[in-house]
Amino acid sequence: MSTIVQASELSCFYGIVLGLNNVSFALGEGITGIVGPNGAGKSTLIKVITGQVRPSSGSLTVFGETPWNNPSVLSRIGYCPEHEHVHTELLPLDWLESLALLSGLPARESRARGEQALTQVGLASEHWKKRIGTYSKGMRQRVKLAQAILHRPSLLILDEPMNGLDPMGRHEIGDILRSLHRGGTHILISSHILDELEALCSRFLMLNWGRALAAGSPSSIRSEIAHWPEQVAIRTNRPEAVVATLGQAKLIRGYLIETDRVLLWLKDPAAFYATWTTTLAACDAEIYDVQSKSTSLSSVFEKVTE
Amino acid sequence: MNPAPTSPTSAVFTAPLSATGATPLVSVIRALLLLRLRALLGPKLALRFAAIGAGLIAVTFLAVPHGNAESFRQWSLEVFVLKIVPLLCLVAGGSALRDEIRSFTIEYLWTRPASKTHLVVGAYVGTVVLMFAQVMAFLVLIHLVGAIRGIPQVWIHLPVAAGAALGGILAFCALALALGVFSGKYMILGIQYGVLVELGLSRLPSRVNLVSVTHHVQTLIESAASGDIAPSVLRLLSGAAGCLVIAAIGVVLAALIFTTTNYRIGDEKES
């Protein structure tokens, strides 16, 4: 898998305010999520990747080149910012036509490309005759996404694209992004809503306080944290019996019993997964569901930010 | 591994124009001109334009007595072209990129493959073209009122006023653009510059007045008033050259500032 974005000892300061602090990572193809709480440095990183901000020190390359003042990189990037600000006094097609021209598309194709992009993001054509200022939040989000995919970028960068959208809108934007990915577009998406990212992304970059904490899939990040006890939730009709059986087999180091469920802290995950079926078969309890809790994105993020 | 980046409909459209990936200057100018023109046709800016036009009509009626050609000349050239047009240019030129930075919309422009220098030139050309079109409309309105007020041969003044206004617009918009990309307080800086250079240095009877745009615009106006052809052409060329040189300096300064500044959009802090 080829590297698309690579950072090496990247730092970015706004005066005395720290944006990114000595960050190194490599992001590859596919849909990658940039995860972190507010103030983690997600937006700063995106601004550096899109050539809006020059790094204070270190380096960052996109497609092997630095993006600052570099049109050849920017021609391959589509960017959808976090904020809602758009040219509200314009009609969406007029706005997209100008942006298509700025992207280097020929004048005769710019308007058609705008129409295609609006159709692709699911903005119904009856709204095209209204000024953007009259649009709802969801419609603006679609127009913002349309301007980002106008020129068919190789890398689409979205900063908190789900902000302010209702569940249906989030679902639809997610579908659009998956469809773009199937068409060959690599996507970099930042959010602090981890559940949404987990459903969309296969790989993650985790940031906190301007530092890169980890990069990769949730399971690969988890496996890098050697002394991390695995957690497993088992839904059963007899939680106490399950705890007793696994305790005798010395497979757990702690537990928490809820009504029909028990949360287990494993002593040795490898030993547990090798023997749990036979061990629990000997237990006089009905097992309804076994779920690993520690590989979810939120639990991984919680762990690496500790 | 994901599939190679291909687009199912990519054959329908051609790739970006430039081989290096950079958008050509002519496309940038066209894009920003269209953007500004369409914004101007929006209700907010159209209302502002109509309000200025209505104000000018009212003031022209009040300032120009019936049949008084000298009063009309003073109002249309000395006041409108030399005082009001520079203020309009300060507002339009200063806000050309600064308003985009303030309102975050600059992100949609500078994340495109257009170089920042091209964006500055595009913003400048767009501002000059639209400002000249507006000023021409205002001048026509003023001359229309002049005709109603019985000014003899009133339309003779129009080409002179238009030429002088164009020279002023070229230079003032460039300086305002540079002030705008330098600071969000471009109005204050512009007024300070106006008082110091345009109202101060321009009146000094030495060659130091060459730094002021007003001096060159006045030279353009005087070239039309001169009876002999040779001195008239010389003044015309001198005035035009002065305006163009200052315009070029302004655009270069604006481009230098815009390409090297690390802006923090949405606020006025930058480094």
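Chain letters run A, B, ... following the sequence lines, proteins first, then strands; residues in each count from 1.
Donor-acceptor pairing under 3.5 Å is lacking for the side chains of B:Glu107 and A:His85.
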- [ ] Could you walk me through whether A:Trp68 and B:Asn262 pass side chain to side chain contact (heavy atoms under 4.5 Å, CB included), step by step?
- [x] CA-CA 10 Å; A:Trp68 172 258; B:Asn262 234 354; 3.7 Å; yes
TODO: Show your reasoning for whether side chain to side chain contact (heavy atoms under 4.5 Å, CB included) applies to B:Tyr108 and A:Tyr79.
DONE: CA-CA 8 Å; B:Tyr108 300 110; A:Tyr79 171 57; over 6 Å; no
Task: CA sep, side-chain torsions, deciding dist, call: A:Leu99, B:Leu109, side chain to side chain contact (heavy atoms under 4.5 Å, CB included) - done: CA-CA 7 Å; A:Leu99 295 180; B:Leu109 307 183; 3.9 Å; yes
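The distance from the CD atom of A:Glu89 to the CG atom of B:Leu35 is 7.5 Å, given to the nearest 0.5 Å.
With a 6.0 Å radius and a threshold of 12 heavy atoms from other residues, nucleotides or ligands, B:Arg48 has its CZ atom at or below the threshold. With a 6.0 Å radius and a threshold of 12 heavy atoms from other residues, nucleotides or ligands, B:Lys83 has its NZ atom above the threshold.
Nearest heavy atom pair, residue B:Leu119 against residue A:Leu102, reads CD2-CD2, 3.9 Å. Pairing each heavy atom of A:Leu101 with each of B:Ser27, the nearest pair is O-CB, 3.7 Å.
Panel note: side chain A:Arg54, backbone B:Thr260; a donor-acceptor pair is recorded below 3.5 Å.
For chain B, the option among A:Leu180, A:Leu150, A:Val86, A:Ile77 with the highest count of heavy-atom pairs below 4.5 Å is A:Val86.
Using bins of under 30°, 30° to 60° and over 60° for the plane-to-plane angle, the ring pair A:His83/B:Phe104 lands in the tilted bin.
Heavy atoms closer than 4.5 Å to chain B are found in the side chain of A:Asn69, but not in its backbone. Residue contact with chain B, scored on non-hydrogen atoms closer than 4.5 Å, involves the side chain of A:Leu90 exclusively. Contact annotation for B:Thr259: both backbone and side-chain heavy atoms come within less than 4.5 Å of a heavy atom of chain A.
Side-chain contact check for B:Arg38 versus A:Ser98: some heavy-atom pair is nearer than 4.5 Å. A:Leu74 is not listed as a side-chain neighbour of B:Arg112, based on a closest heavy-atom distance of 4.5 Å or more. Between A:Arg131 and B:Pro43 there is a side-chain heavy-atom pair separated by less than 4.5 Å.
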